[in-house]
2 protein chains.
Amino acid sequence: MPKEVTLRDVATQVGVSPRTVSRVVNDEGGFSEATRQKVLNTVEQLGYQPNMLARGLITRRSGTVGLVGGGMTDPFFPALAERIQRKAREAGRTMFFASTESDPARQADVLKSLWSHAVDGVIVFPALDTIDQLTSYARRGLPVVIVDDQADAPNLACVSFDLEAGAAMATRHLLDTGRSRLGMIASSLSPPRRRNRERGFLRGLRDSAAGASPPEVVRMLPTVEGGESGMGQLLDRRPDIDGIFAYNDLVAIGAMRAAKARGRRVPDDIAVVGCDDIDMSSLVTPALTTVRLDRPLLSEEVTQALHELIDAPGIPRDPVKLPVELVVREST
Amino acid sequence: MPKEVTLRDVATQVGVSPRTVSRVVNDEGGFSEATRQKVLNTVEQLGYQPNMLARGLITRRSGTVGLVGGGMTDPFFPALAERIQRKAREAGRTMFFASTESDPARQADVLKSLWSHAVDGVIVFPALDTIDQLTSYARRGLPVVIVDDQADAPNLACVSFDLEAGAAMATRHLLDTGRSRLGMIASSLSPPRRRNRERGFLRGLRDSAAGASPPEVVRMLPTVEGGESGMGQLLDRRPDIDGIFAYNDLVAIGAMRAAKARGRRVPDDIAVVGCDDIDMSSLVTPALTTVRLDRPLLSEEVTQALHELIDAPGIPRDPVKLPVELVVREST
DNA sequence: GAGAGTTACGTCAACGTTGACGCCAACGTT
DNA sequence: AACGTTGGCGTCAACGTTGACGTAACTCTC
């Protein structure tokens, strides 16, 4: 293979020292306009590309960020990942993507690998209860942005949606539209501290003056299949159930399928509310009422937090809590 | 920030030279069992992690691979990306992900960035007509696996689905089930060379003895919205149309929506066949008949090809063509 | 017991880049 | 005229690791 073009190659051709070429390439100043032109021309001509490994070895900045998530099977994540990646690229960084499959051990592997590749920072959708793992990295000097969980450490920022409020809104909407026997299909992958949706659901019920009967909650994998079996269990436990709040839209879609399969009509017999507002939710029949999470906003906040942590370390950051919105469609 | 633990730190603590530690860590041989134990213990104790930048600088292997795709909005891609990433990790490599947004210029940027990060190889879903761009990198020594297109160069492998056969199967299925006025919604992002689906569609029609009327083809963005407007155009051009082959499942779902919106029933009035078999396709109503692309198979072939190119360079590889399968559901 | 091979290390340079520092000429100030 | 300042560059070392090579001790062979 033809060896790479290096600073030295450009330097000898122009007739200056590598250091000067470096200065021009990084626009450090300290060179004349004439040399600048000559260097840039030669860079273009030879197709010089700086070697990020060498640069990173000395500056301790690799120009990369890691995105660590549970998996790409829930459409909410890819749509977000794409936006984050675009923003990272606009800031001149390249993105490592890594899936944890919601497994703390895998998350540990993934972080180890990213760390040894000297990423400048990571954005993490934490697997189960891994806050200690993450704060440990943050303390070792790695900028970490945690989505949908809270922690306090240097080099660490937290961004979440106000899912408790969202869940409460969804619940009140169910009650306001005449449902009174509610159930929730929650996620078996959320540790107690992160069960905001459940807290919001219960709060929404408590706040309501109406005499709704005590709610049923089941916990399932947050997938379509999980939603199907969750709905099955709820119907078994309480055949007269008439309103469901689902952990996310996939679960809600599964719940609607199971309801139909059992001869219940949505929304006539049972109302269903999801969470996330993935693209699919407006395409299914009936179109899903859901708590919309503003992905552009989240990606904006997350990347901004990360870039601030990287470029201005040491400044403590307050946790950010993003508002959510109820989108009423046909399923309620 | 606490400085990193290096080979030297381990070495001084154990009382050997850094080179010996390196030998143990990389299991090169040339050390006694006793030192091995001591080194490994100290590695563990100090939490030593090899610095991949330094290692990559000298070995010219960074332990990373790039995955370059058009975007994550089509669910086909994330599902594949996740499998590929898992296999890469099993092979000890970390994955860069980059989206080109189907724009050749962005693809060029992305490849440049990956190249300067010294990726060991890339898997590319090429944007439009960018074969020359890719072969150029391959010739410069970068292992490249191209999905769904063909090229010939050193360090380059091609893997595709036999979409022409798939499209022909879909078309014959439409004809065999009594449809005779067919239309196709193709993709405006496919350059002529890559219009296998269209070729297969037309071949399927030609091969059939039955006197089907000449087909209509429109080209749209391969999205739900594209499918909607494509269906609109087809119905305008030929109101009696009764069978549609869509570029992919998203387009097919859009087409079904548009058909319903215009009062046509699927499958009674119009049959629709998609392509890809994304998860969503079995969830919509009516469930979509589609040409299934075997994602596990593709990810297997693609990663195997890449790892062979990386680990055994110079061996020419024949293009791989993967079989497809028609899944008949309710939309036909 | 001399030569050859093997084992278990150490030494040194190099990968491509940037930080720290130094040098010289040109310029401005008093 | 002497002095500081600035612009424009070069030199050298260092980042953490591995490739190439050296070497001392030990083992085997006939």
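So you know, we letter chains A, B, ... as the sequences are listed, proteins then strands, and number each from 1.
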Axis-to-axis angle across the helix from C:dG1-D:dC30 to C:dT30-D:dA1, five pairs each end, nearest 10 degrees, ~ 40°
Return all side-chain donor-acceptor pairs below 3.5 angstrom for residues 126-133 of chain A, not counting sequence neighbours, or 'none' if the list is empty.
residue  : atom : partner  : partner atom : Å
A:Asp129 : OD1  : A:Arg193 : NH1          : 3.1
A:Asp129 : OD1  : A:Arg193 : NH2          : 3.3
A:Thr130 : OG1  : A:Gln107 : NE2          : 3.0
A:Thr130 : OG1  : A:Ala127 : O            : 2.9
A:Gln133 : OE1  : A:Gln107 : NE2          : 3.1

Identify, with sequence neighbours excluded, every residue that meets ring-ring contact (aromatic ring centres under 6.0 Å, His included) alongside A:Phe31.
-> none
[X] [atom1] to [N] [atom2]: how many Å, rounded?
{"X": "A:Tyr48", "N": "C:dT18", "atom1": "OH", "atom2": "C1'", "result": "11 Å"}
{"X": "B:Asp9", "N": "D:dG16", "atom1": "CG", "atom2": "P", "result": "8 Å"}
{"X": "A:Met52", "N": "D:dG16", "atom1": "CE", "atom2": "P", "result": "19 Å"}
{"X": "B:His117", "N": "C:dC15", "atom1": "NE2", "atom2": "C1'", "result": "18 Å"}
{"X": "B:Gln49", "N": "D:dT17", "atom1": "CD", "atom2": "C1'", "result": "15 Å"}
{"X": "B:Leu57", "N": "C:dT17", "atom1": "CG", "atom2": "P", "result": "9 Å"}
{"X": "B:Arg55", "N": "D:dC15", "atom1": "CZ", "atom2": "P", "result": "18 Å"}
{"X": "B:Asn26", "N": "D:dT18", "atom1": "CG", "atom2": "P", "result": "4 Å"}

Taking OP1 and OP2 of D:dT18, is either one under 4.0 Å from a side-chain nitrogen or oxygen of B:Thr59?
-> no
Does a side-chain N or O from B:Asn51 land closer than 4.0 Å to OP1 or OP2 of D:dC15, or not?
-> no
The side chain of [X] lies closest to which of these nucleotides: [options]?
{"X": "A:Leu7", "options": "D:dT18, D:dT17, C:dT18", "value": "C:dT18"}
{"X": "B:Ala54", "options": "C:dT18, D:dT17, C:dG16", "value": "D:dT17"}
{"X": "A:Arg60", "options": "D:dG19, D:dT17, D:dC15", "value": "D:dC15"}

Would you call B:Glu101 and A:Arg89 a salt bridge, using N to O less than 4.0 angstrom?
-> yes
B:Glu308: partners by salt bridge (charged side-chain N to carboxylate O under 4.0 Å, His left out), with sequence neighbours left out = B:Arg317
Which residues share a salt bridge (charged side-chain N to carboxylate O under 4.0 Å, His left out) with A:Asp311, sequence neighbours left out =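 Per chain and number, A:Asp311 pairs via salt bridge (charged side-chain N to carboxylate O under 4.0 Å, His left out) with A:Arg61, A:Arg93.
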Output every pair passing salt bridge (Lys or Arg N to Asp or Glu O under 4.0 Å) with a member in residues 36-53 of chain B, not counting sequence neighbours, ordered by first then second residue.
->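 Listed by first then second residue: B:Glu33-B:Arg36.
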Pairs where residues 15-25 of chain A contributes a residue and the test salt bridge (Lys or Arg N to Asp or Glu O under 4.0 Å) is met, not counting sequence neighbours = A:Arg19-A:Glu28
Contacts of type side-chain hydrogen bond (donor to acceptor under 3.5 Å, both in side chains), residue B:Ser160, not counting sequence neighbours = none
Option among B:Arg86, B:Arg83, B:Lys87 that satisfies the salt bridge (charged side-chain N to carboxylate O under 4.0 Å, His left out) test with B:Glu300 | B:Lys87
How does each nucleotide of nucleotides 7-13 of chain D score, in 5' to 3' order, for protein heavy atoms under 4.0 Å: base (B), sugar-phosphate only (S), or none (-)?
-> -SBBB--
